[in-house]
There are 2 protein chains.
Amino acid sequence: MRSVEDLVRLFRERGYKVTPQRRLIFELLAGDRSHPTAEEIYQRVRAVMPEVSRTTVYNTLRELITLGELRPVENLSEGGTRYDTNTTHHHHLFCVQCHALIDIDREFEGIELPPEEAAGFRLVNYQVTFYGYCPDCQRADGGRPSQGKE
Amino acid sequence: MRSVEDLVRLFRERGYKVTPQRRLIFELLAGDRSHPTAEEIYQRVRAVMPEVSRTTVYNTLRELITLGELRPVENLSEGGTRYDTNTTHHHHLFCVQCHALIDIDREFEGIELPPEEAAGFRLVNYQVTFYGYCPDCQRADGGRPSQGKE
DNA sequence: GTTTCTGCAAACGGTTTGCACGGCC
DNA sequence: GGCCGTGCAAACCGTTTGCAGAAAC
């Protein structure tokens, strides 16, 4: 995702109006690496502009996705869709307990599907997701594979 | 997922009753490789026993998941959670247009996250998802990356 | 001044829950 | 006969939609 100023320019170019609400959402997302849900973004927005509606948040997220500046993360369990400001090819590291989600920017060699195993698909991308327990969750319960908080 | 008979035995062992509804769901899932949604399973069930409720389907799916005989697929776009009868470590091939989902049973070498990149996580698993266009969708529109049916 | 956006409320789709009846063991 | 499972309807949660008034350009 680009800078706030670039997003403003992009929106104007495409005929989208730049409202204070949208500008605020740009500001909150531009430097974000936390993969927030729509609800989390809504709460952050409301901390600054309490009268903003969920509708506006959802509208703006949809527009950013349409413009390729934001990407919904292929869903990792409940709590709603999470949004990724990193729209380039990358991988994920996911805590199965607290649902922390971290970007992995490095590439992996040898992930290729020979044609005879590709079932006739024309491949365009792939993504690796690592599942595990983050440092906090290991500390909290000895790192055993328990679900939820105990 | 085991055979129908094994599932019946497993349910009895664990104190779950084996009703005709549950047995039918076992039969429909035991050989399935199609990663159906709850709704698809419900429709298949109703084709045989029209009076079965969605509640019973959802209950039985939850029990199978609890017993480790079924696994929800980390969500790949809309239409509801899909269920995987293959509960062993494997990967997926996904058509971004028609949402066909195919198991890849082969292993990949070199997918390892050195500790310094693992952010302190204790890793337990990883999964590769390949995205592309299935043969049918390539045929239907020349394989260009368009969304939906045209 | 026109067109788009906003915020409200209602609708929506997938899933879960509360509850009384019914069937398994 | 006791208890668990079933089916119905309503609740639920994240998201989308319809609409009238308000604001960007």
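Everything numeric in this text was worked out from a predicted model, so none of it was measured. Within every chain, numbering begins at 1; the chains are lettered A, B, ... in the order of the sequence lines, protein sequences first and strands thereafter.
- Contact annotation: A:Q21 side-chain N/O to C:dG7 OP1/OP2 distance is under 4.0 Å.
- Counting only N and O atoms by type, the side chains of A:R46 and A:Y42 include a donor and acceptor under 3.5 Å apart.
- Put simply, the side chain of A:D103 never gets that close to the backbone of A:D105: no donor and acceptor are under 3.5 Å apart.
- Aromatic pair B:H91/A:Y126: ring centres not closer than 6.0 Å.
- With rounding to the nearest 0.5 angstrom, the OG1 atom of A:T37 is 12.5 Å from the NE2 atom of A:H35.
- Following rounding to the nearest Å, B:E13 (CD) and C:dC25 (C1') show an atom-to-atom distance of 17 Å.
- Distance, B:R14 CZ to D:dC3 P: 22 Å, rounded to whole Å.
- For A:T19, the side-chain atoms get nearest to C:dC5 when compared with the rest of C:dG7, D:dC3, C:dC5.
- Heavy atoms only, all atoms of each residue included: B:C134 and B:C95 are closest at N-SG, 3.4 Å.
- Of the listed nucleotides (D:dG7, D:dG5, C:dG7), C:dG7 has the atom at the smallest distance from the side chain of A:S53.
- Using a 4.0 Å heavy-atom cutoff across all strands shown, A:P72 reaches no nucleic acid atom at all.
- The interatomic distance linking B:R54 (CZ) with D:dA11 (C1') rounds to 16 Å, in whole Å.
- For the helix from C:dG1-D:dC25 to C:dC25-D:dG1, the terminal axes (five pairs an end, C1' atoms, rotation from four pairs onto the next four) enclose an angle of 30°, given to 10 degrees.
- As rounded to whole Å, 15 Å separates atom C1' of D:dG14 from atom CZ of A:R82.
- In terms of position along DNA chain C, the nucleotide closest to B:T37 lies nearer the 5' end than the nucleotide closest to the other residue of the pair B:T37 and B:V18.
- Both B:P20 and A:Y83 lie close to DNA chain D; mapped to their nearest nucleotides by heavy-atom distance, the more 5′-ward contact belongs to B:P20.
- Residue contacts shown for B:E39 are absent, as no nucleic acid heavy atom lies under 4.0 Å away.
- Note that the CD atom of B:E63 and the CD atom of B:E69 stand 12.5 Å from one another [nearest 0.5 Å].
- Side-chain N/O atoms of A:T81 include one lying less than 4.0 angstrom from OP1 or OP2 on D:dT15.
- A close approach under 4.0 Å does occur between a side-chain nitrogen or oxygen of B:Y58 and OP1 or OP2 of C:dT15.
- Applying the salt bridge (charged side-chain N to carboxylate O under 4.0 Å, His left out) rule to B:R71 yields no partners; only residues at least two apart in sequence or on another chain are considered.
- Side-chain contact check for A:T60 and A:R23: no donor-acceptor pair (N or O, by modelled atom type) lies under 3.5 Å.
- Going from atom CD of A:E63 over to atom C1' of C:dT4 covers 10 Å, rounded to whole Å.
- A:R62 has its CZ atom 12 Å from the C1' atom of C:dC5, to the nearest Å.
- Using a 4.0 Å heavy-atom cutoff across all strands shown, B:R12 reaches sugar-phosphate atoms only and no base atom.
- Across the interface with DNA chain D, nearest-nucleotide mapping of A:T55 and B:T56 shows B:T56 to be the residue nearer the 5′ end.
- One can place CG of A:N59 at 18 Å from P of D:dG14, the figure rounded to the nearest angstrom.
- Whole-Å rounding puts the B:Y42 OH to C:dG13 C1' distance at 15 Å.
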